[in-house]
Amino acid sequence: MKAYNPHEIEPRLQLRWEEDGLYAVDEHSDKPRRYVLEMFPYPSGDIHMGHVSNYTYGDVVARYSRMRGFNVLHPMGWDAFGLPAENAAIKHHSHPAKWTYENIDTQRASFKRMGFSYDWDRTVVACDPEYYRWGQWIFLELWKRGLVERRNSPVNWCPECATVLANEQVIEGRCWRCHSEVQKQDLTQWYYKITDYAEELLADLDQLTGWPENVKQQQANWIGKSEGANVDFELLSAEGEPTGESITVFTTRADTLFGCSFFVLAPEYAGLHELVAGTEHEAEVMALVEAASKVSAVERAQGDHEKHGAFTGRYVANPVNGEKVPVWVADYVVADYGTGAVMAVPCGDQRDFEFARKYGLPIIPIILGDDDPLFPQLKDEQGRVVTEVDWPEAYAAEGTLVQSGPYTGMVGGKHSPGEAAIVEALEKAGKGKRATEYRLRDWLISRQRYWGNPIPAIHCPACGVVPVPEEDLPVRLPEDIDLAAGETLATHAGFVDTVCPQCGGPAKRETDTMDTFTCSSWYYMRYTDPHNVHAPFDSARANAWMPVDQYIGGIEHAILHLLYSRFFTKVLRDAGMLDFDEPFANLLCQGMVLDANGEVMSKSKGNVVSPEEMIAEYGADAVRAAMLFMGPPDKEKLWNEDGLAGMYKFLNRVWRIVFDLVGKAGDETLFDPEADAAQAHDLAMAMKRERHRVVGKVTEDFERNNFNTALAAIMELTNATAAFLRLRPAEHRMECKTGGPLCREVAEVLVKLLAPIAPHFAEELWQVALEGTGSVHEQPWPEFDPEQAKADEVELAVQLNGKVKAKVTVAADADEDAVKAAAQQAISGALEGKAVRKVIYVPGRLVNVVAG
RNA sequence: GCCCGGGUGGCGGAAUGGCAGACGCGUCGGUCUCAAAAACCGAUAUCGAAAGGUGUGUGAGUUCGAAUCUCACCCCGGGCACCA
């Protein structure tokens, strides 16, 4: 028997598999298809343990699926545009492409060294013009469909990255990439109108039964649907006379309109200056506007929310009772949600309450909880309105409406009868309308950076902004650019100067590039048809492969990438290119790989574990298996090398056992010359049962991505096999020597079960120990018979009043009465003097005798 | 504040109404060896000499039976957050 040597086996088999094209997809196969995909990596350098974990999960699913008879698409590519490449280029006076492609080469080599079964012929690289060309094509398609907009509005600007960011890329007021404080600026930028799909993006989460609940929850939160009403408040003149103009607010609590004691505009509210221009209030209001604009996003996100406001001197009329309501401006109103104006009801909203207290505005109680001490006083209309209450905070829950005219006594709250009644009345009076608002904002896709996909648009002094004609795609990034010298697309004359495709006059190219997330929003579609030169992909091919059957990636993309991809899928479906609604049928979000102390691995902490070093010591198969065994894939994993060493020992053990089972272990085999034949027979039978039980268990576990327990079950089969081999007497030893059927069968099962996990190890055993034909990775998955997993006899626990008191062994097919009698016999001592009231029998498990 | 996870030996974890701690790591003891390593065997929740207790964050409840279901509370992690 040769020794297990991963360092010799692994590179040799990797080369062989590649030469044989073992993982190339056959488009013409009539097998059922399965699309297994891991999120493509950013080529930031060499791979880290997080990559090892993510891509190992995917490889196990892909290899298992092939053995189950599927035609598997399992591709790999790179999300290759982005800022780190540009920064590296500036630092080293080179070009981002150089850094990017070098890193891609490094990562590709590492992936190959891990033995991942990709079809390398389908590789997609986002910065390749043959790919980004179609990203531009999709941009034009969205433009045609009215989903591209260029508009001026306050945007998030990262000074460090020198570019604007999408809403989703601002985390607690900071840039998602460099963590700098984000600034608000008014800029004209390009948007994808993802809000047009807000309702469907929310509603279709229900279809995603194969997604983790927390990811769906996060997306639902982010979309943030609120149902309420738009209510018009008529603006009064400075003298208090009706003007005929009105200001609309969005509210989910129209039921509280009688408690509206003031009205608030956001500092950025469009018509604000007009209202105060030339009045005594102008200075104070504009000072507040100025101060609000200086508050950074970080302060907004983390501050103590001290509210500031100023009175505008103007009033509006409350549409339900005509009351004159003062109009304030305050920094707690969000400008780009709803209408940028709110009606303030301090008794029912904590923010309004705090503001009212600070500025001495009235708090009118109009909704009370049933146990509120004010209740007896306010229960019936008293003819007077109480405005002085001594509450510690607002009452935001459901309650009974009081002091609310005809609605007094009704139940108020979100989606309450009171709310419905008031909205209905407002609609009849033409003063309000049902409305739905979403927290989701449009996707700002333009970036002021070089290393991205150029936006295919041209600015013509005569024709305005015009799309680049489809036949002129791609708009290529110029290669002769000196980023280190401060050159940008905007200063690159050869890029900027062009002619207008409409009038032929001189024009300028758009110099912004697209957010890198536009590249990752459709790459999985390109994999189905990666070499297409006429379209981003062929619809028939995409529809045949998609949706992705199993998608695997990090939880950090719960909102960004996954939401954008769902949006793209729906748009391209509406464009007639796809016939499904959702891109990813099943999603596995892997947990982070941390160090042994539960700390995030980072260069600054010096606790980074290098996959290369681990492979160099134990081989890729042991690294893969150790990662899988560490715990459930969606939980955090604490990497420790002892587990890896243990896995290496386990592989060595299986190696010897498999050779031994087929009689090739040589004379060093252990066996007991004095073993008892009957005992050896029992162990052989136990091994046979385990062979069936474990195949069943591993199959079930792989179907549910429970890789850790699958491996534990394989270890159990290994243990049963080792027990048999150790105690076998001479004749069983001969059975192995002559390739006896049971030993041979168990050896094959072990090798096949391990094939998805430790592919090189299994392949070498398949070919050398088992002398199998072809590759183990093309073998069918082992069958199992649940009947053969059953033992003749079972041991049952016997409980007295729920406590285990004894064990009995009975025939598996013994009848219930006999089992119950045997059980009572077994605990007769403890039963003494007690009356048996009830006996519960759970076949195969226990008997519980209830007595007292 | 709102929403979502989670709390089990020395450690990673298993068990989703039926014998808690599978499987592995670690530790201890043994075989082999001049010795060590490797390999192999055995032990390993806890109190107790044993019999027998106790034990899945805390407290209550449902049930013949609860880590698992229900309610309340404590703690840890994640997401969103002045979104009306």
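By convention in this document, chain letters (A, B, ...) are assigned in the order of the sequence lines, proteins followed by strands, and residues within each chain are numbered from 1. For clarity, every value in this text was computed on a predicted model and none was experimentally measured.
Across the strands present, G65(B) finds no partner; the criterion is a Watson-Crick or G-U wobble pair with both atom distances under 3.5 angstrom. Judged by Watson-Crick or G-U wobble contacts below 3.5 Å, the nucleotide C40(B) has G30(B) as its partner. A 3.5 Å limit on both hydrogen-bonding distances identifies C25(B) as the Watson-Crick or G-U partner of G10(B). Checking A15(B) for Watson-Crick or G-U wobble geometry (two distances, each under 3.5 Å) identifies no partner in any strand. Base pairing of C2(B): its partner is G79(B), meeting the Watson-Crick or G-U wobble criterion (both donor-acceptor distances under 3.5 Å). A60(B) is paired with U70(B) under the Watson-Crick or G-U wobble criterion, all donor-acceptor distances under 3.5 Å. Base pairing of U54(B) is made with A45(B), judged by Watson-Crick or G-U wobble geometry with both donor-acceptor distances under 3.5 Å.
Residues of residues 254-265 of chain A having a heavy atom closer than 4.0 Å to RNA chain B: none are found. Near-neighbour residues of RNA chain B inside residues 335-345 of chain A, defined by a heavy atom below 4.0 Å, number-ordered: Tyr337(A), Val342(A).
Between Glu617(A) and Glu641(A) the shortest side-chain heavy-atom distance falls below 4.5 Å. Taking 4.5 Å as the limit, some side-chain heavy atom of Ile555(A) sits within range of a side-chain heavy atom of Asn214(A). Between Tyr359(A) and His308(A) the shortest side-chain heavy-atom distance falls below 4.5 Å. Here the side chains of Tyr4(A) and Asp621(A) are in contact, with some heavy-atom distance below 4.5 Å.
The local environment of NZ in Lys433(A) is sparse, with at most 12 non-hydrogen atoms from other residues, nucleotides or ligands closer than 6.0 Å.
Atom CD in Glu636(A) sits about 9 Å away from atom C1' in G78(B), given to the nearest Å. Counting to the nearest Å, the C1' atom of A84(B) and the NZ atom of Lys225(A) are 18 Å from each other. In this structure, CG of Leu800(A) is placed 17 Å from P of C19(B), rounded to the nearest angstrom. Taking atom CD on Glu168(A) and atom P on C80(B), their separation rounds to 11 Å, with Å as the unit. Atom pair Phe707(A):CZ and G13(B):C1' shows a separation of 16 Å (rounding to whole Å applied). Here the C1' atom of nucleotide C19(B) and the OH atom of Tyr841(A) are 15 Å apart, to the nearest Å. With rounding to whole Å, Trp328(A) atom CH2 is found 17 Å from C82(B) atom C1'. In this structure, CZ of Phe353(A) is placed 16 Å from C1' of C82(B), rounded to the nearest angstrom.
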Would you tabulate the pairs of protein nitrogen or oxygen atoms and nucleotide nitrogen or oxygen atoms of nucleotides 21-29 of chain B closer than 3.5 angstrom?
{"residue": "A22(B)", "atom": "O2'", "partner": "Glu716(A)", "partner atom": "OE2", "Å": "2.5"}
{"residue": "G24(B)", "atom": "OP1", "partner": "Asn719(A)", "partner atom": "ND2", "Å": "3.3"}

With the criterion being N/O to N/O and under 3.5 Å, what pairs connect the protein with nucleotides 3-5 of chain B, and how long is each?
{"residue": "C3(B)", "atom": "O2'", "partner": "Gln217(A)", "partner atom": "NE2", "Å": "3.2"}

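A distance-only check finds no donor-acceptor pair linking the side chain of Asp331(A) to the backbone of Ala266(A) [under 3.5 Å]. Checking side-chain atoms of Glu419(A) against main-chain N and O of Ala254(A) turns up no donor-acceptor pair under 3.5 Å. Here the side chain of Asp442(A) pairs a donor or acceptor atom with the backbone of Ile194(A) at under 3.5 angstrom. Panel note: side chain Arg434(A), backbone Ala229(A); no donor-acceptor pair is recorded below 3.5 Å. In this structure a side-chain-to-backbone donor-acceptor pair under 3.5 Å is present from Lys637(A) to Gly591(A).
With P as the reference atom, G17(B) and G9(B) are 22 Å apart, rounded to whole Å. If you take atom C1' in A20(B) and the same atom in U46(B), they sit 13 Å apart, rounded to whole Å. Comparing the P positions of U44(B) and A50(B) gives a spacing of 13 Å, expressed to the nearest Å. Taking atom P in both G59(B) and U68(B), one finds a spacing of 13 Å when rounded to whole Å. For the P atom pair drawn from U70(B) and G26(B), the interatomic distance equals 39 Å after rounding to whole Å. Here the separation of C3(B) from C73(B), taken at their P atoms, is 13 Å to the nearest Å. Nucleotides A81(B) and C75(B), compared at atom C1', are 23 Å apart to the nearest Å. To the nearest whole angstrom, the two C1' atoms, one in A15(B) and one in A66(B), are 13 Å apart.
Between Trp328(A) and Phe262(A), the angle of the ring planes goes over 60°, which puts this pair in the perpendicular group of the 30/60° scheme.
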message: Would Thr709(A) and Asp701(A) count as a side-chain hydrogen bond (donor to acceptor under 3.5 Å, both in side chains) here? Give the steps.
response: CA-CA 7 Å; Thr709(A) 49; Asp701(A) 280 346; 3.0 Å; yes

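Every residue was checked against the ring pair (Phe, Tyr, Trp, His ring centres under 6.0 Å) condition with Trp639(A), not counting sequence neighbours, and none meets it.
Residue Val182(A) is tested with Val155(A), Asn156(A), Ile171(A) for a side chain to side chain contact (heavy atoms under 4.5 Å, CB included); the sole match is Asn156(A).
The Val333(A) side chain lies nearest to A84(B) when the options are A84(B), G12(B), C19(B). Set against A84(B), C82(B), C19(B), the side chain of Arg845(A) has C19(B) as its closest nucleotide. Distance from the side chain of Lys307(A) is smallest for C82(B) among the nucleotides C82(B), A84(B), G18(B). Here the nucleotide nearest the side chain of Pro632(A), chosen from C19(B), G13(B), A84(B), is G13(B). Distances from the side chain of Val334(A) to the nucleotides A81(B), G18(B), C82(B) place C82(B) closest.
Nearer the 5' end of RNA chain B, as judged by each residue's closest nucleotide, is the contact made by Arg656(A), out of Arg656(A) and Ile555(A).
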task: Let me have a per-nucleotide readout for nucleotides 63-75 of chain B, 5' to 3', with B, S or -, counting only protein heavy atoms under 4.0 Å.
output: -BS----------

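Between Lys697(A) and Glu716(A), no side-chain nitrogen of the basic residue sits less than 4.0 Å from a carboxylate oxygen of the acidic one, so the salt-bridge criterion is not met. A salt bridge links Glu690(A) to Arg693(A): one of the charged nitrogens lies within less than 4.0 Å of a carboxylate oxygen.
Taking the six-membered ring for Trp and the full ring otherwise, Phe659(A) and Trp655(A) have centroids separated by under 6.0 Å.
For the atom pair Thr56(A) OG1 and Met49(A) CE, the distance stands at 8.5 Å (nearest 0.5 Å). Rounding to the nearest 0.5 angstrom, the gap separating the CZ atom in Arg253(A) from the CG atom in Asp349(A) is 8.5 Å.
Base contact: Glu795(A) has a heavy atom under 4.0 Å from a base atom.
With a glycosidic angle no further than 90° from 0, G9(B) counts as syn.
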